Amino acid sequence: MRIDVLSIFPSYFDGLTLSLLGKARDSGLLELHVRDLREWTSDRHRTVDDTPYGGGAGMVMKPEPWGLALDELATGASAVPTIIFPSPAGEVFTQAKARELAAREHLIFGCGRYEGIDERVFDYAATIGEVRLISLGDYVLNGGEVATMAMIEAIGRLIPGVVGNPESLVEESHEDGLLEYPSYTKPSIWRDRAVPEVLLSGNHARIAAWRREQQLERTRTRRPDLLDG
Ligand code: SAM
């Protein structure tokens, strides 16, 4: 999979050289390119924002650098890209969306800043690829970088081969619409707290039944909305 990121703060993404995604990049499973949007400016101050038409607080990202950047990323691309703009006004990101996007060949993330991006950019981007406005949740961040990092991590770990044991992906929270069961490791008693006896029993059927019960109970108490759908 190829991922391109456009941001005015490319160093946010330095952390993606670490851990599983760092290994995925080293092994070629994930090709990640982070580009500074200011590369596509031509004035002395490398300006990417301007005042909003109609007035109002804050600045809006100018369309020209976005248009040039998208043109360049699309030129010579082997697949039609999916262009994701993180936005608090977008569809909410879920595990199901991570899975859907993990099957794409080429993703482009456009990180907004200030009051957001000139609306015409989304329209233009739709002539280049499939455009998705995706929200991390119902709150407002300062920019799209943290949302993009979260999405890249959720999508990246679903690329076959990135997570060593694929079974660990199947049992995770949200994969089957439920939260994951609680996990324990050694020692069996820690600060007067014992591991549930069933997990020490060696009885795989009882353990599976207990874990399922725990998943349902956790989901019922912590996220009843997941059971409504
Ligand atoms: N004025 C915009 C609004 O009310 O919808 C918010 C702009 S926000 C300060 C700047 C940028 O942060 C957005 O363009 C977007 O890229 C990103 N952002 C903020 N909150 C987000 C969220 N919940 N999910 C994804 N991206 C978000």
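In listed order, ligands and their atoms are each counted from 1. Just so you know, these numbers use all the heavy atoms, side chains as well, and skip hydrogens, waters and symmetry mates. Just so it is clear, the structure is predicted and the values come from calculations on it, not from any experiment.
By the 3.5 Å distance cut-off applied to N or O atoms, Leu136 is counted among the residues near ligand 1. Taking any N or O of Tyr139, backbone or side chain, at least one lies under 3.5 Å from an N or O belonging to ligand 1.
Distances shorter than 4.0 angstrom do not occur between any heavy atom of Phe93 and any atom of ligand 1. Within the structure, the closest approach of Ile117 to ligand 1 does not fall below 4.0 Å when heavy atoms are considered.
Other residues sharing the hydrophobic cluster of Tyr184, ordered by chain and number and joined by side-chain separations under 4.5 Å: Val195, Val198, Leu199, Leu200, Ile207, Trp210.
When non-hydrogen atoms are compared, ligand 1 lies under 4.0 Å from the backbone of Pro88 as well as from its side chain. Contacts of Asp138 with ligand 1, taken as heavy-atom pairs under 4.0 Å, are absent altogether.
Regarding atom 25 (C) of ligand 1, its nearest protein heavy-atom neighbour is Ser87 N, 3.4 Å. If you check which protein heavy atom lies closest to atom 16 (O) of ligand 1, you get Pro86 O, 2.8 Å. Nearest protein heavy-atom contact of atom 2 (C) of ligand 1 is Glu115 O, 3.6 Å. For atom 20 (N) of ligand 1, the closest non-hydrogen atom of the protein is Leu141 N, 2.9 Å.
Atom CD of Glu167 sits in a sparse spot, with 12 or fewer heavy atoms from other residues, nucleotides or ligands closer than 6.0 Å. More than 12 heavy atoms of other residues, nucleotides or ligands shown are found within 6.0 angstrom of NZ on Lys97.
Listed here is the closest heavy atom pair of Met61 and Tyr114: CG-CD1, 3.8 Å.
Of the options Asp4, Ile83, Thr127, a side chain to side chain contact (heavy atoms under 4.5 Å, CB included) to Leu70 is made by Ile83 and by none of the others. Shown are Leu32, Val162, Leu158, Leu107; of these, the side chain to side chain contact (heavy atoms under 4.5 Å, CB included) with Met1 is made only by Leu107.
If you number the atoms of ligand 1 from 1 as listed, the ones under 4.0 Å from a heavy atom of Ser135 come out as 23 (N), 24 (N), 25 (C). Applying the 4.0 Å criterion to heavy atoms of Gly112 picks out, from ligand 1, the atoms 11 (C), 14 (O), 16 (O). Of all atoms in ligand 1, numbered sequentially from 1 with element shown, those under 4.0 Å from a heavy atom of Gly144 are 12 (O), 16 (O), 17 (C). Atoms of ligand 1 lying under 4.0 Å from at least one heavy atom of Gly116, given by number and element, are 14 (O). Listed by atom number, the atoms of ligand 1 under 4.0 Å from Ile134 heavy atoms are 25 (C). Per-residue contacts place Tyr114 under 4.0 angstrom from the following atoms of ligand 1 (heavy atoms of the residue considered): 7 (C), 8 (S), 9 (C), 10 (C). Close approach of ligand 1 to Ala147 (heavy-atom distance below 4.0 Å) involves ligand atoms 25 (C), 26 (N).
Closer than 4.0 Å to atom 5 (O) of ligand 1 lies at least one heavy atom of the protein.
Between the side chain of Ser19 and the backbone N or O of Leu21 there is no donor-acceptor pair closer than 3.5 Å.
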### Task
Go through Glu31 and His33 one step at a time and tell me if the side chain to side chain donor-acceptor pair (under 3.5 Å) criterion holds.
CA-CA 7 Å; Glu31 198 188 329; His33 303 271; 2.8 Å; yes
### Query
Is there a side chain to side chain donor-acceptor pair (under 3.5 Å) between Asp118 and Tyr53 once you walk through the steps?
CA-CA 10 Å; Asp118 185 309; Tyr53 275 122; over 6 Å; no
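Note on Arg220 versus Glu217: salt bridge recorded, some NZ/NE/NH1/NH2 to OD/OE distance being below 4.0 Å.
Scored by the side chain to side chain contact (heavy atoms under 4.5 Å, CB included) test, Arg222 finds Leu179, Arg218 as partners (sequence neighbours excluded).
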